[in-house]
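These values consider heavy atoms only, across backbone and side chains, with no hydrogens, waters or symmetry-generated copies.
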Amino acid sequence: MASSDDLLWDADDKSMQMVPRLRRIGITAGCLGFLGLALWTDSDAAWVLYAGALYLLGESAYWMWDRRRLVEARIVPGGTDGPSRLVLRRVGGQITEHDPYHVARVLLIHDNVHDLARLRLRLHGRQLLFGRPGRPPALTTWRHTCPKAQVGDRAAQWGMPGVPD
């Protein structure tokens, strides 16, 4: 196990990016209100309102998913000969501690174009945790820290090297 405070995962962007998201939601809601008043009479263009409402639902669902993504994972030593703990910090600021022996799988998915990777972390008996894109860490650190975990990496299944998106 690690003997000092080791950083295992560090995302490039740790903010919730709320201002642009709230701006988009506000503009969409304002346009929906205006179009709702303009189309109040019988019109066949009601699909515009449905499309805008669907966008607002999609944006809200993405916000709920994104705030649970991991931005930092570190191993901290236990106090007075106690076991080390895996500390996970999420975008929304929630910090949780876990036993490193309860990590079932660590998967790093490397981007084909940029030098970034995405983290997939599965704990025993729990849901899959997703990490925001960050610099790819060394797999040996994960293997040493979480000895019972299946640690691996793979290339992304989308994008082509050398072809910009």
_Val103 and Lys148, any side-chain heavy atoms less than 4.5 Å apart_ =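 Of all side-chain heavy-atom pairs linking Val103 with Lys148, none is under 4.5 Å.
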*Arg118 versus Arg69: any side-chain heavy-atom pair under 4.5 Å?*
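Yes - at least one pair of side-chain heavy atoms lies under 4.5 Å apart.
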Kindly compute the distance separating [atom1] ([X]) from [atom2] ([Y]), expressed to the nearest 0.5 Å.
{"X": "Trp142", "Y": "Leu108", "atom1": "CH2", "atom2": "CG", "answer": "8.0 Å"}
{"X": "Leu54", "Y": "Glu59", "atom1": "CG", "atom2": "CD", "answer": "12.0 Å"}
{"X": "Thr141", "Y": "Leu8", "atom1": "OG1", "atom2": "CG", "answer": "7.0 Å"}
{"X": "Ile109", "Y": "Arg120", "atom1": "CD1", "atom2": "CZ", "answer": "4.0 Å"}
{"X": "Arg90", "Y": "Ile95", "atom1": "CZ", "atom2": "CD1", "answer": "11.0 Å"}
{"X": "Asp99", "Y": "Leu123", "atom1": "CG", "atom2": "CG", "answer": "10.0 Å"}

*Should Asp115 and Arg135 be marked as a salt bridge (charged side-chain N to carboxylate O under 4.0 Å, His left out) after you check the CA-CA gap, both sets of side-chain angles, and the distance that decides it?*
CA-CA 7 Å; Asp115 187 27; Arg135 301 278 305 165; 2.7 Å; yes
*Before giving the answer on side chain to side chain contact (heavy atoms under 4.5 Å, CB included), spell out for Arg143 and Thr145 the whole-Å C-alpha distance, their side-chain angles and the decisive distance to 0.1 Å.*
CA-CA 6 Å; Arg143 286 186 181 110; Thr145 302; over 6 Å; no
*Start with the C-alpha distance between Arg132 and Leu70, add both sets of side-chain angles, then the distance that settles side chain to side chain contact (heavy atoms under 4.5 Å, CB included), and finish with yes or no.*
CA-CA 6 Å; Arg132 277 200 171 168; Leu70 298 176; over 6 Å; no
*asked:* Could you go through Leu7 and Glu72, starting from their C-alpha distance and side-chain angles, then the distance that decides it, and tell me whether this counts as side chain to side chain contact (heavy atoms under 4.5 Å, CB included)?
replied: CA-CA 8 Å; Leu7 185 65; Glu72 188 176 280; 3.6 Å; yes
*asked:* One pair to check against side chain to side chain contact (heavy atoms under 4.5 Å, CB included): Val87 and Thr96. What are the steps and the verdict?
replied: CA-CA 6 Å; Val87 177; Thr96 57; over 6 Å; no
*May I ask whether Val71 and Leu116 are part of the same hydrophobic cluster, defined by side-chain heavy atoms of I, L, V, M, F, W, Y residues being less than 4.5 angstrom apart, directly or through others?*
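Result: no, two separate clusters.
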